[in-house]
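Mind looking over this structure? Questions follow.
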2 protein chains.
Amino acid sequence: MATTTAAQQRQTAKAEYDAFLAACPSRQLLDRVSDKWVTLVLCALAGDDDGHEPRSLRYSELARRLGGVSQKMLTQTLRSLERDGLVTRTVVATVPVTVSYALTDLGVSLRLVVRSLKVWAEAHMDDVLAGRSTYDARLA
Amino acid sequence: MATTTAAQQRQTAKAEYDAFLAACPSRQLLDRVSDKWVTLVLCALAGDDDGHEPRSLRYSELARRLGGVSQKMLTQTLRSLERDGLVTRTVVATVPVTVSYALTDLGVSLRLVVRSLKVWAEAHMDDVLAGRSTYDARLA
DNA sequence: CAGGATCCCGCTAGATACTG
DNA sequence: CAGTATCTAGCGGGATCCTG
C-alpha cells in the first residue's frame, strides 16, 4: 500500500474507461493486447530471454525468435503495435535495408504485465495439465 | 532485484517450458489465457469492481457483468477455465437450478496478472488513442 | 436458470508468389 | 532484408431455437 506510485493512483482515479462495458474503447484495446503474438513480441523486445533488458531487434531477429510466426502475422502485429504507440519502427537505408523495432515508453509500461502472463503460463503449465487430465477423466 | 520472491525464482529456475517455441505446451496455454473473455471473467470473479475480493458469481450474474458476451462464448470460456483448473463450477439443485463459479487457487494466482492487463488498457487508453491519431495523420 | 445443439457468416491466419 | 499482395480454407463467434 505504500508502494502505490503516482502513476497508479492516476490510473485508479480516472474511471472514465471500463472494459466490462462492451462499448468502451478500452474493451477493444484489451482485445488487442490480449493476443499471443503481441505478448511474445513485447517480451522479445523487453529482452525477457536475455538479461531482461529492453533492446531493439530487427525484423528477421524477431521472426527467428517467435517460433511458428508467419510473416503476415508478424508484420501485422508490429504495425498495430506501432500504430498504438507501443513500439517504434526505425529504418536504416543500408543495402539491403535494415529495420529495427524497439519499445516506446508506453510499450515499456506494458512490459511487466505481458511478461507476467508469459511467465505464468510457463510456470503453471504442469498444474493446468494436471487439472485437465483430472477433468477429462471425470467425464469418461 | 532485491524484490524477487521465492515463487519468482522457482519460476525462473524451471525453464522446461518456453512460450517462444511453437511446439511448447505453454504456447497454447498463453494463447488461451490471452483472451478478452478469459480476462474479463477472471476479473469479475476476482471482484475487481467490488472491493477487489474474490467472490463466487452465478452464470447470469457473469452474463450481466460482461457486456456484449454471448451465451456461447461465456459457456465456452467457463468450460475451458474449469477444465484448466482455474475456476470451480458448483451446481445447487434448487428449482430452477443454480450454478455458481469461483476462482480456484490456480485462478487466484492469475488474478493479479489479468487485472493488470485490464487496468493497463483502461489507464492508457488515452495514450493509445493519441498515438493512433498521430500515426494515421502521418499517412494522410 | 443455465445451458445444449445448430446453422451460418465473416474475418483471420496460413500458404504462396512477388518486390524495392 | 523486409516486407506487400492475393487467395483460400477454416473456424471463431453470433444468432436462434430448444431443454432438464
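Only a predicted model underlies this, so the values are computations on that prediction, with no experimental measurement involved. A note on names: the letters A, B, ... follow the listed sequences, proteins ahead of strands, and every chain is numbered from 1.
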>> Could you work out, with side-chain contact (heavy atoms from CB on, under 4.5 Å) as the rule, every residue matching B:Thr134, not counting sequence neighbours?
In response: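 Partners of B:Thr134 under the side-chain contact (heavy atoms from CB on, under 4.5 Å) test: none.
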>> Without decimals, in angstroms, what is the distance between B:Leu74 CG and C:dC1 C1'?
In response: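 After rounding, the reported distance stands at 13 Å.
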>> Going by side-chain hydrogen bond (donor to acceptor under 3.5 Å, both in side chains), name the pairs with one or both residues in residues 81-90 of chain B, residues two or more places apart or in two chains.
In response: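 Residue pairs passing side-chain hydrogen bond (donor to acceptor under 3.5 Å, both in side chains), neighbours aside: A:Arg132-B:Asp84, A:Asp136-B:Arg83, B:Arg89-B:Tyr101.
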> So B:Tyr17 and B:Arg27, side chain to side chain contact (heavy atoms under 4.5 Å, CB included) or not? Walk me through it.
Replying inline: CA-CA 9 Å; B:Tyr17 296 113; B:Arg27 168 69 71 87; over 6 Å; no
> Could you give the CG-to-P distance, from A:Leu57 to D:dG3, as a whole number of Å?
Replying inline: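 In whole Å, D:dG3 P and A:Leu57 CG are 13 Å from each other.
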>> Tell me which pairs pass salt bridge (Lys or Arg N to Asp or Glu O under 4.0 Å) where either residue lies in residues 34-47 of chain A, with sequence neighbours left out.
In response: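 Every pair satisfying salt bridge (Lys or Arg N to Asp or Glu O under 4.0 Å) with a residue in residues 34-47 of chain A: A:Lys36-B:Asp31.
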>> I'd like to check the salt bridge (Lys or Arg N to Asp or Glu O under 4.0 Å) partners of B:Arg32; sequence neighbours left out, ordered by chain and number.
In response: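 Result, salt bridge (Lys or Arg N to Asp or Glu O under 4.0 Å) vs B:Arg32: none returned.
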>> Going by salt bridge (Lys or Arg N to Asp or Glu O under 4.0 Å), name the residues that satisfy it together with A:Asp105, two or more places apart in sequence or in a different chain.
In response: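 Scan of A:Asp105 (salt bridge (Lys or Arg N to Asp or Glu O under 4.0 Å), adjacent residues dropped) gives none.
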> Whole-Å distance between D:dG3 P and A:Arg89 CZ?
Replying inline: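 Atom CZ in A:Arg89 sits about 5 Å away from atom P in D:dG3.
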Can you give each donor-acceptor pair under 3.5 Å made by side-chain atoms of residues 63-74 of chain A, sequence neighbours left out, with the distance rounded to 0.1 Å?
| from | atom 1 | to | atom 2 | distance (Å) |
| --- | --- | --- | --- | --- |
| A:Arg65 | NE | A:Asp49 | OD2 | 2.1 |
| A:Arg65 | NH2 | A:Asp49 | OD2 | 2.4 |
| A:Ser70 | OG | A:Met73 | N | 3.2 |

Protein-nucleotides 18-20 of chain C N/O pairs under 3.5 Å:
none

> How would you list, by chain and number, every residue that makes a side-chain contact (heavy atoms from CB on, under 4.5 Å) with A:Ser34, sequence neighbours excluded?
Replying inline: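 Checked A:Ser34 against side-chain contact (heavy atoms from CB on, under 4.5 Å); matches are A:Leu30, B:Thr39, B:Leu117.
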> Does A:Arg58 place a side-chain N or O at less than 4.0 Å from the phosphate oxygens OP1/OP2 of D:dA2?
Replying inline: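 So the side-chain polar atoms of A:Arg58 do come within 4.0 Å of the phosphate oxygens OP1 or OP2 of D:dA2, strictly under.
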> Rounding to a whole Å, what distance do you find between A:Arg79:CZ and D:dA2:P?
Replying inline: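 Those two atoms, CZ and P, are 12 Å apart.
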> Tell me: CG of B:Leu62 to P of C:dG3, nearest whole Å?
Replying inline: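 About 10 Å, once rounded to whole Å.
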> Between C:dG3 atom P and B:Glu61 atom CD, what is the distance in whole Å?
Replying inline: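 Atom CD in B:Glu61 sits about 13 Å away from atom P in C:dG3.
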> Just to confirm, is there a sub-4.0 Å distance from OP1 or OP2 of D:dG3 to any side-chain nitrogen or oxygen of A:Tyr101?
Replying inline: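 Looking at the OP1 and OP2 atoms of D:dG3, one of them is under 4.0 Å from a side-chain N or O of A:Tyr101.
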> Between the two end axes of the helix from C:dC1-D:dG20 to C:dG20-D:dC1, each built from 5 base pairs, what angle do you get to the nearest 10°?
Replying inline: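 Roughly 60°, once rounded to the nearest ten degrees.
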> Once you round it to whole Å, what is the distance between P of D:dG20 and OH of B:Tyr59?
Replying inline: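 Nearest whole value for this atom pair: 18 Å.
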> Does A:Ser109 have any side-chain contact (heavy atoms from CB on, under 4.5 Å) partners at least two apart in sequence or in another chain, and if so, which?
Replying inline: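 With sequence neighbours excluded, A:Ser109 shows a side-chain contact (heavy atoms from CB on, under 4.5 Å) to A:Leu106, B:Trp120, B:His124, given in chain and number order.
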> So B:Tyr59 and B:Thr98, side chain to side chain contact (heavy atoms under 4.5 Å, CB included) or not? Walk me through it.
Replying inline: CA-CA 8 Å; B:Tyr59 183 88; B:Thr98 302; over 6 Å; no
> Reckon A:Ser60 has a side-chain N or O less than 4.0 Å from the OP1 or OP2 of D:dA2?
Replying inline: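 So the side-chain polar atoms of A:Ser60 do come within 4.0 Å of the phosphate oxygens OP1 or OP2 of D:dA2, strictly under.
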Would you tabulate the pairs of protein nitrogen or oxygen atoms and nucleotide nitrogen or oxygen atoms of nucleotides 10-13 of chain C closer than 3.5 angstrom?
| from | atom 1 | to | atom 2 | distance (Å) |
| --- | --- | --- | --- | --- |
| C:dA13 | OP2 | A:Gln76 | NE2 | 3.3 |
| C:dA13 | N7 | A:Lys72 | NZ | 2.6 |
| C:dA13 | N6 | A:Lys72 | NZ | 3.4 |

Under 3.5 Å donor-acceptor pairs involving side-chain atoms of residues 41-48 of chain A, not counting sequence neighbours:
| from | atom 1 | to | atom 2 | distance (Å) |
| --- | --- | --- | --- | --- |
| A:Asp48 | OD1 | A:Arg115 | NE | 3.0 |
| A:Asp48 | OD1 | A:Arg115 | NH2 | 3.1 |
| A:Asp48 | OD2 | A:Arg115 | NE | 3.4 |

